[in-house]
Structure formats: structure tokens, C-alpha cells
Colleague: 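Encoded as C-alpha cells, here's the structure I'll be asking about.
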Number of protein chains: 2
Amino acid sequence: MSILSSAADVLRCFSSTRHDVTVTDLVTLLGMPKSNASRLLRAMRDEGLLETVGQTKRYRPSLLLNQVGQLYRFAASLIDRSDAVVGVISDRIGHTGYISVRRGAHVIGVTAHPGRHALRVVTAIGDRLPAFASSTGRALLARLPDEEVRTLYPEGLSAPSETAPQDLEALLARLAEIRASGFAESHDEAVRGVHAISVAVGDPTTGDEVALCITIPATLVEQQERLAIIAALSEGAAEIAALTGDTRFFPLNLAFAETAP
Amino acid sequence: MSILSSAADVLRCFSSTRHDVTVTDLVTLLGMPKSNASRLLRAMRDEGLLETVGQTKRYRPSLLLNQVGQLYRFAASLIDRSDAVVGVISDRIGHTGYISVRRGAHVIGVTAHPGRHALRVVTAIGDRLPAFASSTGRALLARLPDEEVRTLYPEGLSAPSETAPQDLEALLARLAEIRASGFAESHDEAVRGVHAISVAVGDPTTGDEVALCITIPATLVEQQERLAIIAALSEGAAEIAALTGDTRFFPLNLAFAETAP
DNA sequence: AACTGTTGTTCCATTTTTTGGAACTATCTC
DNA sequence: GAGATAGTTCCAAAAAATGGAACAACAGTT
């Protein structure tokens with residue numbers, strides 16, 4: 001067990017609900033001896049990975065991590081490009097937009113553009129959602145061949161709501177729809193009360209894949225706006241796909257969009 | 001030499017001009033044996049600190065670092081609050097706004113809000129500027145007693161332009177002005193062609209201090225807009241200072257603002 | 001297709017760091 | 001100021017890191 005792995009574990013302790021940690025936090029969260037926790041936190045601070053909060057014994061991520069973390073979106077320039085596209089759409093229609101990536105069977109928000117409407121969807125960056133029960137997740141899963149999707153769910157799936165796919169076959173059917181229509185849609189699934197529209201795009205040279213998504217409060221969905229969002233997302237993603245030479249991109253087929261969601 | 005320190009050194013290799021690294025990059029940048037560089041990068045990837053770029057032998061920061069880095073602004077909630085204030089002002093007037101922190105004799109941009117004007121100032125997040133030759137830097141230095149400022153510059157200072165303070169005494173004189181007026185201003189200093197207005201605020205419980213800044217292309221400065229920016233920044237910062245109980249905040253004294261910059 | 005320079009990986013014994021229990025110190029709470 | 005809680009330091013045993021060199025993969029060239 002290298003100290004590097006303990007250090008990475010410490011970083012994984014941070015979350016949107018835990019902005020700083022103490023020696024005892026590590027003891028309880030990671031089950032590590034107090035002595036190690038104490039020395040590890042100090043070492044990480046000395047190396048510039050963490051900072052102490054004022055005079056207290058609390059440790060938080062450092063400015064260095066903030067800076068290096070910001071580079072992620074440029075290193076994965078696909079994210080930056082997609083974020084720009086979503087930002088423009090979100091600005092124009094006033095609803096929340098965001099970018100997600102998939103890690104195994106989960107999707108994780110990377111960047112977000114909060115909407116301007118009084119009733120808006122707030123997505124927490126860094127939150128993990130089950131891929132099969134969200135539009136971003138299915139948009140990304142649709143890029144995989146069916147057999148790879150199957151291997152992701154050796155245990156089958158447990159749906160969080162009635163509108164989500166109830167089993168693996170239902171999921172594969174919806175992925176087929178996404179491939180044919182060019183966009184993914186969800187309603188009241190992993191996040192209740194939220195309607196989401198997503199399109200995925202990739203960069204074959206880096207292997208990165210992201211989903212571009214616009215979310216609307218489920219009660220406010222209007223057919224005209226919905227079509228505008230689908231068109232805008234697909235158009236933006238198609239431009240990116242052309243740029244990166246993404247051959248797995250599914251172009252929009254409006255015939256599928258015109259039936260109400 | 002702990003492996004942690006090597007890992008931190010690797011992270012420091014990343015910059016706005018170097019989004020990924022290879023084994024040889026580490027050998028040349030850090031002078032470490034090839035064998036170590038190879039194993040270190042692999043170990044950091046295995047622990048989730050780095051990712052490989054597609055199939056290549058290039059390594060870039062990971063999603064984990066991106067997420068932990070994002071938490072910085074919430075952990076240091078002063079940054080988040082200040083960022084909100086600057087975002088509103090930047091949105092309203094269309095000029096670029098940003099937040100900086102000081103590390104020793106340098107200031108580093110943490111968040112940025114690009115302006116909407118065709119001619120806009122683009123600030124790179126993570127770039128280091130000399131504190132004494134920027135408005136953000138001086139706004140933050142003004143919070144220190146003079147003798148601490150002196151110890152920061154044991155070698156004196158070398159001004160990057162004629163409008164920057166030419167020596168330590170000139171710097172201290174300008175810091176005194178800032179304490180009296182409540183805001184800092186720079187024109188054509190560390191960044192040529194840029195006029196900047198800054199106000200600093202701190203949080204005594206965490207020891208954090210940040211500068212709120214709005215930048216304008218030097219050719220576009222108008223007295224009325226300038227006064228509006230000064231007032232808005234100072235007002236926003238004053239609210240934060242009240243919230244955190246910052247006793248070192250310098251309130252606005254408009255008498256100083258009304259003489260042209 | 002063989003050659004060549006470049007880049008990355010693996011192996012090894014030696015050196016250095018890490019580990020975890022326990023004793024110790026500091027800090028907080030009532 | 002007693003008692004509890006939180007954090008630090010010490011130590012020998014165990015584990016990991018080091019750097020040189022041999023090896024392997026790769027890209028470009030003739």
C-alpha cells in the first residue's frame with residue numbers, strides 16, 4: 001500500500017457535503033490509525049496538496065489542486081468545446097445545461113450552467129447518477145455495442161422510478177431508439193420532477209466521450225421549446241463530431257422528435 | 001523524499017501551456033530517472049490522480065482532481081461569495097471580472113468571468129502576477145502592515161512598467177492610498193493595455209483573503225463607468241466583510257475616487 | 001525490410017520511507 | 001480543573017522507493 005493510494009483516498013473523502021477533513025474524519029472514514037492520519041494530512045499539506053483552514057486543524061484541498069483540476073477541461077478539450085455549446089443554449093433558453101462524463105455504470109457532472117428561470121434545475125457538479133436512468137447516461141451508453149452494455153450490468157438493474165427502464169431489455173430498446181433518433185430523453189427518472197434532453201459526442205483521438213444536456217422542470221415542458229432544444233443540442237454536437245472526426249455520433253432524425261415526449 | 005513530494009511535483013508540471021505530460025517530460029522537467037518517472041505516472045494513474053489520454057502514453061489530470069479542485073471555492077467559501085459578487089458586476093457592465101488570491105509576493109487568478117465586449121481582457125486562471133504591480137496584488141498587500149510588506153521584498157522590486165511602483169517606498173505610498181480610499185487601481189502595469197480596479201476582503205475565521213477585480217481595456221476607461229465599478233465592487237465587498245466580520249476591510253471613501261485615474 | 005534514434009518498461013539489491021501500537025500532549029467541555 | 005476528546009511523537013518491524021542497466025516498443029529513414 002503506497003502512501004499515494006492513501007493520499008488519493010483522502011481526496012476522495014472530499015465531497016459537496018464535506019469541504020474539509022480532520023484527523024478523526026480520516027480515522028472513521030478510512031479506518032486508518034490515528035498516527036497515520038495525522039502524519040498523512042501534514043505531509044499532504046507540506047507538499048502543497050492540502051491547506052489548513054486558518055488556525056484550525058481542518059484541512060481542505062489546496063489552490064494547486066484547484067488549478068490542476070481546472071486544466072482538466074482544457075486537457076480534455078472535448079469538454080471545453082461541449083461546455084461552450086451548452087452554455088450558449090442554456091443562456092438563450094434560460095434553462096439549466098450541463099456536461100457529463102461516464103465512468104462505468106455512472107455519470108458524473110463536470111460543468112454546469114444554471115438556468116435563469118425562477119423554477120430551475122440545480123445540478124451538483126461531481127454528483128454520480130446511475131447511467132441507465134438518466135438521459136445523459138443513456139446517450140453515452142448508446143455509443144457502446146449492446147454486449148458491452150450487458151457486461152456493465154451483470155446484476156441487471158434496479159429502476160429508481162416507473163419511467164426509467166425496468167430491466168436490461170428495456171434499456172437496450174431505449175438505446176436503440178437513441179441511436180435511431182440521435183437524442184436521449186428522460187422524464188422523472190434518477191432526478192424526480194426533471195425532464196432532460198441529451199446528446200453525446202466523442203473524440204476518437206483521446207477516447208473521451210461527453211453528454212451535452214439541457215434540463216427543464218418536468219411541469220414546464222412545451223413541445224415547441226423541446227424541439228428547439230433537441231435541434232440546438234444536436235446541431236452543436238454535430239459540429240463537434242465533425243471537428244473531432246467522431247464516427248459514432250448519431251445524427252438527428254427529427255421524425256422521432258415530433259411525437260410528444 | 002517521499003513519493004508524495006514527487007507526485008506534487010508532477011502536478012506542478014501542468015500549466016495552461018502543458019495540459020498533459022509524458023515520461024520524458026518528467027525526466028527533463030524534474031531531472032528524475034526514467035524508471036521513476038515511468039512508475040510514478042503509472043502509480044498516479046492507478047490511484048486515480050491522473051488519466052491516460054486515449055491510447056497514447058500521455059498523462060493528464062484526472063476527473064477526481066477536477067472535482068476536488070472545484071471544491072476549493074466552496075471550502076474557501078469566501079471565494080465563492082466574492083465570485084458571485086464579481087459575476088454580477090461583470091454581467092452588468094460587460095467587462096471581465098475575476099478573483100485572485102495572494103501567495104507570498106504573487107497573485108494568482110482563481111475564477112474569472114469573461115466580458116462581453118468585443119475588446120475584452122482575457123485573464124488566464126492560474127497565472128501568477130507580481131503582487132506589487134497589479135491592483136489585485138496591492139489591494140491584498142494593503143491589508144498587511146508595512147513591515148510585513150517589506151519582508152516580502154528583501155531584494156526591493158523591479159518594476160515591469162513606468163506606471164508600476166518603482167521602489168519599495170513608492171509601493172508603500174500607494175498602499176497607504178488604498179487604505180485611505182478603499183480601492184486599488186492599476187493602469188498598464190503587469191498586464192499592458194489593461195486598467196484594473198480591485199477591492200480586497202478577508203475572512204478572519206479561516207484567514208483567507210481575496211481580491212475582487214474588474215478589468216477594462218485601458219483605451220476604454222470612462223470616468224462614469226469607472227465610478228460605477230468602484231462603487232459596485234466596494235459595496236459587494238463591504239457586504240462580505242460584514243458577513244465574515246472582517247475588521248481589516250477598508251471602506252470606500254469616494255473623495256479619492258473622483259479625481260481621474 | 002532492416003536500421004537507427006527515441007521513448008518507455010522491467011529487473012534488481014540497496015536505501016529509505018511507511019506502518020501501527022502505545023505513550024504523550026494539547027484542546028475542549030462542563 | 002477534572003474528564004473527555006483530539007492530535008502528535010516515538011519506536012522497531014515491514015514495506016515501498018530508488019537508480020542504474022538491460023530490455024522492449026515505436027517512429028521515422030534510408
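Below, read A as the first sequence line, B as the second, and so on, with proteins coming before strands; counting in each chain starts at 1. Note: hydrogens, waters and symmetry copies are ignored here, and every other heavy atom, side chains too, is used.
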Colleague: Starting the side chain at C-beta, find the nucleotide from C/dG20, D/dG7, C/dG8 nearest to A/Asn36.
Modeller: C/dG20
Colleague: For A/Asp246 and A/Thr244, does a side-chain donor sit closer than 3.5 Å to a side-chain acceptor?
Modeller: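 A/Thr244 and A/Asp246 do not have a side-chain donor-acceptor pair below 3.5 Å.
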Colleague: At under 4.0 Å between heavy atoms, what does A/Ser35 touch on the DNA or RNA strands: base, sugar-phosphate, or nothing?
Modeller: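 Base contact - A/Ser35 has a heavy atom under 4.0 Å of at least one base atom.
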Colleague: Could you state the atom-to-atom distance from CG of A/Asp46 to P of C/dT18 in whole Å?
Modeller: 12 Å
Colleague: Find the distance A/Leu30:CG to C/dT19:C1' and express it as a whole number of Å.
Modeller: 15 Å
Colleague: Is it true that a side-chain atom of B/Ser134 and a backbone atom of B/Gly137 form a donor plus acceptor pair closer than 3.5 Å?
Modeller: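 Indeed, once roles are kept as given, a pair shorter than 3.5 Å links the two residues.
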Colleague: Restricting to non-hydrogen atoms, name the atom on B/Ser6 and the atom on B/Met32 that form the minimum distance, rounded to 0.1 Å.
Modeller: CB-CE, 4.2 Å
Colleague: Specify the separation, in whole Å, of atom CD of A/Glu47 and atom C1' of C/dT17.
Modeller: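 These atoms are roughly 13 Å apart.
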Colleague: Of all the choices, C/dT19, C/dT7, D/dT18, which nucleotide is nearest to the side chain of B/Ser6 once you look at every atom?
Modeller: D/dT18
Colleague: Is any side-chain N or O of B/Lys57 under 3.5 Å from a base N or O of C/dG8, one able to act as donor and the other as acceptor?
Modeller: no
Colleague: Regarding C/dG8, can its base be found pairing with the side chain of B/Arg42 as donor and acceptor, where the two atoms are less than 3.5 Å apart?
Modeller: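 Between C/dG8 and B/Arg42, which were checked side chain against base, a qualifying N/O pair under 3.5 Å is absent.
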Colleague: Between B/Asp25 (side chain) and B/Thr22 (backbone), is there a donor-acceptor pair under 3.5 Å?
Modeller: yes
Colleague: Could you tell me which non-hydrogen atom of B/Arg138 sits nearest to which non-hydrogen atom of B/Phe132, and how far apart they are?
Modeller: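 B/Arg138 and B/Phe132 have their closest heavy atoms at NH1-O, 2.8 Å.
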Colleague: To the side chain of A/Val23, which of D/dG7, D/dA17, C/dT17 is closest?
Modeller: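 Minimum distance to the A/Val23 side chain belongs to D/dG7.
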Colleague: Measure from the side-chain heavy atoms of B/Thr22 and tell me the nearest of C/dG20, D/dG20, C/dG8.
Modeller: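 So the nucleotide nearest the side chain must be C/dG8.
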Colleague: Is there a side-chain polar atom (N or O) of A/Ser38 under 4.0 Å from OP1 or OP2 of D/dT8?
Modeller: yes
Colleague: In whole angstrom, give the distance that lies between atom CG of B/Leu41 and atom P of C/dG8.
Modeller: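 Atom CG in B/Leu41 sits about 9 Å away from atom P in C/dG8.
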Colleague: How many whole angstroms separate atom CE of A/Met32 from atom P of D/dA6?
Modeller: 17 Å
Colleague: Does B/Thr24 reach a base, just sugar-phosphate, or nothing at all? Heavy atoms under 4.0 Å.
Modeller: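 Sugar-phosphate contact only.
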Colleague: In whole angstrom, give the distance that lies between atom CG of A/Leu26 and atom C1' of C/dT19.
Modeller: 15 Å
Colleague: Does any donor-acceptor pair link the side chain of B/Arg39 with the base of C/dG8 at a separation under 3.5 Å?
Modeller: no
Colleague: Once you round it to whole Å, what is the distance between P of D/dA17 and CG of B/Leu40?
Modeller: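 Spelled out: CG on B/Leu40 to P on D/dA17 is 9 Å.
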Colleague: Starting from P on C/dT17, measure out to CG on A/Leu4 and report it in whole angstrom.
Modeller: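 Answer to the nearest Å: 16 Å.
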